[in-house]
Amino acid sequence: MHLAAAAVLVGCTGLPDRQQEADRIEAELRATPGVEKVYTVYDNSYEAGSSYDLEITMSAAPENQIADVSRKLAHLKANDFAGYRQTTTFVVAPNMKVRENDTPDPAQLADRARTLRGIRTAVADSAAEWSADRLELHTADDTAMLNAVRAQLGAKPLRVSVGPPSGGTATPPTSMPYWDVDFPFDAAAEQRIRGQLASLPVRPRFVSVAGNQFSALDVGIANPETAYADLSAAITALRPSPPHPLYVSWHLNDQSANSAALKFAGSVDAAGCHYRTDTAGEQDPQAFYTPEALAIQKRLRAQFDTC
């Protein structure tokens with residue numbers, strides 16, 4: 001299957017039309033053993049520019065066959081699409097994708113397919129997209145997922161995110177945060193961090209880990225009246241230090257992110273002093289946050305950051 005947006009004015013992008021080549025590549029890939037589906041999006045128009053995107057489904061093919069198809073694709077494309085924005089996605093198991101700009105390296109693609117299939121076997125509801133040096137995963141069971149990733153990666157370094165199902169087909173427990181983790185991530189470190197999270201007087205919503213230590217945390221606040229005390233207690237309990245600063249942001253639970261109303265929210269870089277001064281929230285906080293929230297932020301920054 002392919003979609004094509006033909007150029008309204010031939011040659012107006014400055015690149016040659018490659019619709020016939022894209023059609024030929026799709027036809028040849030469809031006839032290749034192990035390939036189940038091929039989806040092409042080709043564009044060479046003034047409005048959208050020049051792009052060539054492929055999605056190839058090989059969910060039942062052995063890894064060496066997937067690698068062979070990547071080699072074949074590189075040969076078929078040659079230099080025909082030079083100057084085009086290109087992406088190639090291989091679906092290597094249900095809801096498990098490897099996505100790269102241009103054409104994936106065959107050996108790396110086979111290894112990533114093997115890893116994703118191992119994760120899928122361990123966590124049946126998992127979905128994934130592996131792009132460049134980042135693996136994004138979705139599941140209703142973050143504990144099982146982190147264990148599965150650890151088992152598959154071993155000592156390989158990789159940035160991994162784990163969040164709830166993106167399709168809304170399953171409901172994760174309300175205690176499940178979104179994880180953003182540098183692997184290797186020791187099981188003992190995970191157990192320690194989970195114990196710390198469970199004892200906090202605030203609800204963790206986003207947890208970032210680097211070097212087996214907290215690096216950032218986003219939390220939900222249940223009661224504005226106790227927000228300062230709760231946040232201060234939480235930061236103190238996590239014991240950030242200059243070698244391991246902790247960026248903490250907070251929001252009132254069930255507060256609409258799309259509302260134009262001022263937000264009860266804020267942030268502090270505990271044991272650090274790195275704030276993005278180019279953001280509107282830092283440049284003009286009164287336009288975004290309630291006076292009460294700004295007062296709490298001021299107190300926490302005075303207490304915990306090193307500015």
Side-chain angles (χ1 to χ4, degrees), residues 139-146 161-164 171-182 185-259 261-276 279 281-282 285-286 288-307:
T139 179
D141 188 343
D142 58 333
T143 301
M145 182 63 82
L146 290 171
S161 63
V162 177
T171 303
T174 56
S175 59
M176 176 179 163
Y178 183 101
W179 294 82
D180 195 52
V181 181
D182 274 342
F185 181 31
D186 296 344
E190 181 186 344
Q191 184 177 13
R192 168 177 52 79
I193 286 172
R194 286 188 181 277
Q196 291 174 296
L197 293 174
S199 67
L200 298 180
V202 292
R203 179 168 68 88
R205 306 196 304 184
F206 172 89
V207 180
S208 180
V209 178
N212 289 318
Q213 302 285 338
F214 284 109
S215 58
L217 185 65
D218 182 75
V219 299
I221 299 298
N223 183 359
E225 297 299 321
T226 62
Y228 171 76
D230 291 342
L231 288 163
S232 179
I235 296 169
T236 300
L238 296 177
R239 301 177 65 183
S241 63
H244 300 290
L246 175 63
Y247 193 92
V248 179
S249 55
W250 69 88
H251 306 78
L252 186 65
N253 287 339
D254 303 321
Q255 182 175 239
S256 174
N258 297 322
S259 171
L262 296 177
K263 304 293 189 295
F264 189 87
S267 63
V268 56
D269 190 12
C273 184
H274 294 90
Y275 299 106
R276 287 197 54 181
T279 64
E282 288 291 334
Q286 291 82 5
F288 297 92
Y289 307 116
T290 66
E292 295 80 8
L294 290 175
I296 291 171
Q297 176 174 273
K298 183 177 180 180
R299 290 180 67 187
L300 289 171
R301 291 187 177 187
Q303 181 178 356
F304 290 107
D305 75 21
T306 59
C307 299

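Positions are given from 1 along the sequence.
From Leu238, atom CG reaches atom CG of Leu197 across 7.5 Å, with rounding to the nearest 0.5 Å. For the atom pair CD1 (Ile193) and CG (Asn212), the distance works out to 7.0 Å, reported to the nearest 0.5 Å. In this structure, CG in Leu294 is found 14.0 Å from CZ in Arg299, a value given to the nearest 0.5 Å. Atoms CG and CD, on Leu246 and Gln213 in that order, are 10.5 Å from each other to the nearest 0.5 Å.
The minimum heavy-atom distance linking Ala210 with Ser215 is given by the pair N-OG, 4.1 Å. When all heavy atoms of Pro224 and Ile296 are compared, the closest pair comes out as O-CD1, 4.4 Å. In plain terms, the two heavy atoms of Asp230 and Pro201 that are nearest each other are O-CG, 3.4 Å. Nearest heavy atoms, Trp250 versus Ala293: CZ2-O, 4.4 Å. The heavy-atom pair separating Leu252 from Ile221 by the smallest distance is CD1-O, 3.3 Å. Closest heavy-atom contact between Met176 and Asp141: SD-N, 4.5 Å.
For the 3.5 Å distance criterion, the side chains of Gln297 and Tyr228 fail to qualify, holding no donor opposite an acceptor. A donor and an acceptor atom, one from each side chain of His251 and Arg205, are located under 3.5 Å apart. Looking at Tyr247 and Ser267, their side chains do bring a donor and an acceptor atom within 3.5 Å of each other.
In this structure, Arg301 satisfies the cation-pi test against Tyr275, with its NZ or CZ atom closer than 6.0 Å to the six-membered ring centre and inside 45 degrees of the ring normal.
Using bins of under 30°, 30° to 60° and over 60° for the plane-to-plane angle, the ring pair Trp179/Phe185 lands in the tilted bin.
The pair Lys298-Glu292 does not meet the salt-bridge criterion, since no charged nitrogen lies less than 4.0 angstrom from a carboxylate oxygen. Comment: Arg194 engages Asp142 in a salt bridge, judged by a side-chain N to carboxylate O separation of less than 4.0 angstrom.
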> Can you check side-chain contact (heavy atoms from CB on, under 4.5 Å) on Ser161 and Tyr178, steps first, answer last?
Replying inline: CA-CA 7 Å; Ser161 63; Tyr178 183 101; 3.3 Å; yes
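In this view, Ser249 and Asp218 satisfy the side-chain hydrogen bond (donor to acceptor under 3.5 Å, both in side chains) rule, not counting sequence neighbours.
Heavy-atom contacts from other residues, nucleotides or ligands closer than 6.0 Å to CD of Gln191 number 12 or fewer.
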